[in-house]
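Since the structure comes first, as C-alpha cells, the remarks are kept for the end.
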There are 2 protein chains.
Amino acid sequence: MGNNKDQNKLNVTDFAMVFEDLTRIIIRMPSIEKLSFTTLSVLHTLSRKSPMRLTELTANEQVTQSGITQLVTRLERDGLVERRPDPNDGRVVQVHITERGANVIDSRRSERIEQLSKFIEGLTPEDKLAIASAIPALRRLAELGNDS
Amino acid sequence: MGNNKDQNKLNVTDFAMVFEDLTRIIIRMPSIEKLSFTTLSVLHTLSRKSPMRLTELTANEQVTQSGITQLVTRLERDGLVERRPDPNDGRVVQVHITERGANVIDSRRSERIEQLSKFIEGLTPEDKLAIASAIPALRRLAELGNDS
DNA sequence: AAATTTATATTAGTAATTTATATAAATTTA
DNA sequence: TAAATTTATATAAATTACTAATATAAATTT
C-alpha cells in the first residue's frame, strides 16, 4: 500500500498524497495581502473567467448565495471587482474583476512561482524532466475534473 | 509564455498553473463533513505529525496563536483532538489527534482519491504513465519545500 | 394577468478570528 | 538565588465572515 515501485501503473493514492503535501506547502507560503481563503477563491475564479454572475459564483464556491453577495460587496468596496447590470436580464448582476483585483491574483501567483522555482532548483535534471513530461497529462486531468 | 513545447525544460509557470487548477478542482469536491478550511488544515497537519505543540501549529497555519488556542478548544470539544501536558515543560500543551480526528481526514482523503480515480480513468495510458513517472520527483519537490 | 421561478439583497443571529492583555512556567542575569 | 525576561498558552472584547430566513424585483409559465 502506498508503494509505487511498479511505475507502469499510476497509484492514485500516491498521487493524491504527494499532491496534498505540495498543496500545503504552497498554502503555507506567507503572502503579502491578507485576504481570506474564500475571498481569494472568488478572486481566483474571476481571474480565470470574468464577468460571472453571482449565481455562477455561488455554484462554484462553497458559500451560500447570501455569503457571495456580501463577499462581492466587500470586494467591490476594496476595488477588486465591479458589479454591472446585464442588459438582457434585469435580475442578474455581472461581477467583473478589476485590474487591481487581477493584480492581487497575479502577484500572489508570481510569488508562488518564485518560491517554487527555488525548490525546483534543488531537483536533479531527471526529476525536472519527469515533472515537465507530466504537465500535459496533468492539464488533461484538470480538464476532466472541470467537465465533471 | 506559458508554452511548454520544449519538454526538456520544466516551465515553472506551467506547472504552477496546472497545479492551481487541480487544487481548485479538489477543493471544490463536495464533502460530507462541514468543517472550515482552517479546521481541516490543522487536523491535516496533525494527521501527518501528532502530537504537536500549540506553538508549532501556530507557526504552520495562517492564524494567530489565539486563533489556534480557540480552534483547538473547538476541536477538543468535538473529540477530534486531545490536549495533554508536557511532562518536561509545564507551559506547553501537546495536541494529539484522536482516532475520530484521524478518521475525518482519512475519509475525506478516500473521497478525494475516489473522485480523482474517476478522472484518471479518462486519461490515456501514456498520460497515466507520465503522471506516475513524475510522482517520485514531485515527492522530492515536496521534501525540498518542507525543508525550506 | 396571475402564479411561479429565478436572481440578488437584506436582516438578524452565530461562529470564527484578531488584537490586546493576562497568567504561569522556564530561563537568564545581576 | 531573587528579580527580570522570555516562552507558551489562555482569556476578553471587538470585529469580520458566514448562515438561515425572508424580501424584492424581474422573467417565465400557465
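Order of the sequence lines sets the chain letters (A, B, ...), proteins ahead of strands, with each chain counted from 1. Treat the numbers as computed from the prediction; the structure is a model and nothing was measured.
With hydrogens and angles disregarded, no donor-acceptor distance shorter than 3.5 Å links the side chain of Ser50(A) to the backbone of Ser47(A). Looking at Thr23(A), its side chain does come within 3.5 Å of a backbone N or O of Phe19(A) through a donor-acceptor pair.
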Expected string for nucleotides 6-16 of chain D under the B/S/- scheme (protein heavy atoms, under 4.0 Å, primed atoms plus P, OP1, OP2 as sugar-phosphate) is -BSBBBB----
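Between His96(B) and the options Arg84(B), Arg83(B), Glu76(B), a side chain to side chain donor-acceptor pair (under 3.5 Å) holds for only Arg84(B).
Between Thr38(A) and the phosphate of dC18(D), there is a side-chain N or O to OP1/OP2 separation shorter than 4.0 Å.
Each of Pro87(A) and Thr64(A) was matched to the nucleotide of DNA chain D holding its nearest heavy atom; the match closer to the 5' end belongs to Thr64(A). Both Arg77(A) and Gly90(A) sit near DNA chain D, but only Arg77(A) has its closest nucleotide nearer the 5' end.
A continuous path of hydrophobic side-chain contacts links Val42(A) to Leu40(A) [ILVMFWY only; heavy atoms under 4.5 Å].
Heavy atoms only, all atoms of each residue included: Val95(B) and Leu46(B) are closest at O-CD2, 3.6 Å.
The CD1-P distance, from Ile68(A) to dT10(C), rounds to 16 Å in whole Å. Rounded to a whole Å, the CG atom of Leu71(A) is 6 Å from the P atom of dC18(D). The nearest whole Å value for the distance from the CZ atom in Phe37(B) to the C1' atom in dA15(C) is 18 Å.
A donor-acceptor pair shorter than 3.5 Å can be found between the side chains of Glu61(B) and Ser41(B).
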With both pairing distances under 3.5 angstrom for Watson-Crick or G-U wobble, and | for a partner in another strand, the correct string for DNA chain D is ||||||||||||||||||||||||||||||
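Residue contacts shown for Thr39(A) are absent, as no nucleic acid heavy atom lies under 4.0 Å away.
Listed by chain and number, the residues in a side chain to side chain contact (heavy atoms under 4.5 Å, CB included) with Asp21(A) are Arg48(B), Ala142(B) (sequence neighbours excluded).
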Can you list the steps and then say if Ile97(A) with Leu75(A) is a side chain to side chain contact (heavy atoms under 4.5 Å, CB included)? CA-CA 9 Å; Ile97(A) 193 165; Leu75(A) 286 173; over 6 Å; no
